[in-house]
Amino acid sequence: MAKKTVPSKQAEINYRFDWNELAFGSKKAVRQLKATFIMAPRELSIGRFTQLVIEHLPKGNIILGLAKEAYIDSFDGQPQFRTLRAEAVQAVIDKVNTSQSPSKIYTLDYFQRDVDYLLEKLDFERTVLINGSWLSAFHNRSTYYMLVNKRINFAMASPFVDDAEAKAYLSDISTEILESLKLPAVQTAVTFTEAEMFEVANRAAKLSFDYSFQTGLALGKQQENGEYSLLSYTYNKVVPYETYAMHHGAAREVNFSPPNDLNHYDTVHAEIDNLINAQKQHIDLAGTTLFINLLPCPTCARALCLSDIAEFAYREDHSDGYAIKLLELAGKTVRRVV
């Protein structure tokens, strides 16, 4: 008579949780783990995930958050803000969970909108936040206040192993970003309506790695048919390289600076990059119109006063409209297009 196969205790353990099931049921299984929670991150390499495991597993169990969405909220369709998929790091998880380590790695699937409720109801020993996994400076978000009010220790971490990996990632993904946006060629015989110029500016904004705000602009010259030739497009670029703030930490978050603080900022603004680009490409700015999704900040406005750009068309206000009066006094036309 054949022996019955008895499932091992290891095989009976459920290492995967779902917030939809936990929200209205018992949360004891998660609470008793007293785990380090890695809040659902953007993409991580297996090397970087391994580093995080080596750092935090000796402290106890790890719960890896996994967003149910394919992209970080507000960055839909942007390859540089894809969320981490379980299969990308499953080999490391399996290796830990079949080892003799007393601490294990669990996963928790949830929609990003639910993270505050999740933090309120589950008891974590500490939380790890991966740079580039949210919109805006973290200390301006409700999640920050949830962590502070519950006195949960938290730390921000890079999504990259080192500078070399951060730069290699940028090199690998840049072409994919450009192809996904399908931006039109510049300085051709094709002309664009005002609405189309704003669409170019909006697409250009999505080239940015600045997760506090993505600014994009399109520079055009009006033609006899009333439409515009496209001279160039630019966006706010993180310096000294695009993934720098994700790897080393955003200056605003490191310094807890307010939204309009320009002393702690990681990018060259799109408007300044436009002036630099015009100089490099020998573009004549006389009589041109700049289409931008955000009214220039005071610093950019002062520089633009001295440029030959004739007109500024924008969508969103900034700094109580400081730039409007300044640019108009410099003889420029400024108009908001809703």
Side-chain angles (χ1 to χ4, degrees), residues 80 136-137 170 174 177-178 181 183 186-187 197-198 200-221 228 230-246 248 250-252 254-255 257-337:
Q80 69 270 43
S136 184
L170 175 61
S174 293
I177 297 171
L178 275 170
L181 293 173
L183 283 156
V186 299
Q187 301 194 40
M197 291 294 286
F198 269 116
V200 172
N202 290 336
R203 291 190 200 178
K206 293 180 179 181
L207 290 165
S208 179
F209 278 71
D210 182 2
Y211 51 92
S212 64
F213 192 89
Q214 293 178 302
T215 307
L217 66 78
L219 182 70
K221 185 75 175 284
Y228 297 83
L230 177 62
L231 302 179
S232 67
Y233 55 79
T234 59
Y235 58 95
N236 55 329
K237 294 179 180 175
V238 179
V239 292
Y241 59 88
E242 292 279 22
T243 48
Y244 182 86
M246 284 185 182
H248 293 279
R252 281 184 174 177
V254 171
N255 294 281
S257 63
N260 291 331
D261 178 16
L262 297 179
N263 293 314
H264 300 114
Y265 201 57
D266 301 299
T267 79
V268 170
H269 285 196
E271 301 94 316
I272 300 303
D273 192 57
N274 176 64
L275 296 178
I276 295 170
N277 183 62
Q279 184 268 326
K280 289 181 176 179
Q281 301 296 324
H282 305 291
I283 297 172
D284 183 4
L285 295 177
T288 58
T289 298
L290 188 150
F291 296 87
I292 190 166
N293 62 337
L294 181 69
L295 181 69
C297 73
T299 301
C300 288
R302 289 190 285 272
L304 292 168
C305 281
L306 302 179
S307 77
D308 290 331
I309 300 171
E311 183 180 40
F312 298 85
Y314 73 98
R315 284 277 169 85
E316 293 186 40
D317 282 313
H318 188 288
S319 301
D320 296 323
Y322 173 97
I324 299 173
K325 182 178 180 180
L326 197 67
L327 289 168
E328 287 180 340
L329 287 172
K332 315 294 186 182
T333 299
V334 184
R335 54 193 176 90
R336 185 181 184 191
V337 180

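As the structure is a computational prediction, the values presented were derived from the model and not from experiment. Computed over heavy atoms, backbone and side chain alike; hydrogens, waters and symmetry mates excluded.
Side chain of Ser319 to main chain of Pro298: no donor-acceptor pair is present (N/O by atom type, distance under 3.5 Å, no hydrogens or angles). Put simply, the side chain of Glu328 never gets that close to the backbone of Ala323: no donor and acceptor are under 3.5 Å apart.
Proximity of the aromatic rings of Tyr244 and Phe209 is defined here by a centroid distance below 6.0 angstrom, and this criterion is not met.
Across every non-hydrogen atom of Gln80 and Ser208, the tightest pair is NE2-O, 3.0 Å. Shown here for Gly220 and Tyr228, the closest heavy-atom pair between the two residues is C-CD2, 4.3 Å. In terms of heavy atoms, Met197 sits closest to Ala218 at O-CB, 3.5 Å. When all heavy atoms are compared, the tightest approach of Gly287 to Lys221 is O-CD, 3.4 Å. Scanning all heavy atoms of the two residues, the minimum distance from Lys206 to Ile177 falls at O-CG2, 4.2 Å. Listed here is the closest heavy atom pair of Pro258 and Arg252: O-NE, 4.4 Å.
Here Ile292 contributes atom CD1 and Cys300 contributes atom SG; the two are 7.5 Å apart, rounded to the nearest 0.5 Å. Distance CZ/Phe198 to CG/Asn202: 8.0 Å, rounded to 0.5 Å. One distance of note links CG of Leu219 with CG of Leu290; it measures 6.0 Å at 0.5 Å rounding.
Taking the side chain as every heavy atom from C-beta outward, Ser174 and Leu178 never approach each other to under 4.5 Å. Asp266 is not listed as a side-chain neighbour of Val239, based on a closest heavy-atom distance of 4.5 Å or more. Side-chain contact between Asn236 and Val268 is absent, with no heavy-atom pair separated by less than 4.5 Å. Taking the side chain as every heavy atom from C-beta outward, Ser212 and Tyr265 approach each other to under 4.5 Å. Annotation: side chain of Leu183 is in contact with side chain of Tyr233 (closest heavy-atom distance under 4.5 Å).
Within a 6.0 Å radius of NZ in Lys332, other residues, nucleotides and ligands contribute more than 12 heavy atoms.
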With side chain to side chain donor-acceptor pair (under 3.5 Å) as the test, would you mind laying out the steps for Tyr235 and Arg203 before giving the verdict? CA-CA 9 Å; Tyr235 58 95; Arg203 291 190 200 178; over 6 Å; no
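In this view, His264 and Ala251, Asn255, Ser257, Asp261 satisfy the side-chain contact (heavy atoms from CB on, under 4.5 Å) rule, not counting sequence neighbours. Every side-chain contact (heavy atoms from CB on, under 4.5 Å) that Ala205 has, sequence neighbours left out, goes to Gln214, Asn293. Residues passing the side chain to side chain donor-acceptor pair (under 3.5 Å) test with Tyr211 are Glu253, sequence neighbours excluded. Applying the ring-ring contact (aromatic ring centres under 6.0 Å, His included) test to Phe213 and every residue at least two apart in sequence or in another chain returns nothing.
For the side chain to side chain donor-acceptor pair (under 3.5 Å) condition, the pairs that include at least one residue of residues 306-317, sequence neighbours left out, are Thr289-Glu311, Glu311-Arg335, Tyr314-Asp317, Asp317-Arg336.
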Side-chain donor-acceptor pairs of residues 270-285 under 3.5 Å, sequence neighbours excluded:
residue	atom	partner	partner atom	Å
Asp273	OD2	Lys237	NZ	3.2
Asn274	OD1	Ser232	OG	3.4
Asp284	OD1	Ala286	N	3.1

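When each of Leu217, Leu304, Leu295, Thr333 is checked for a side-chain contact (heavy atoms from CB on, under 4.5 Å) with Phe312, only Leu304 meets the rule.
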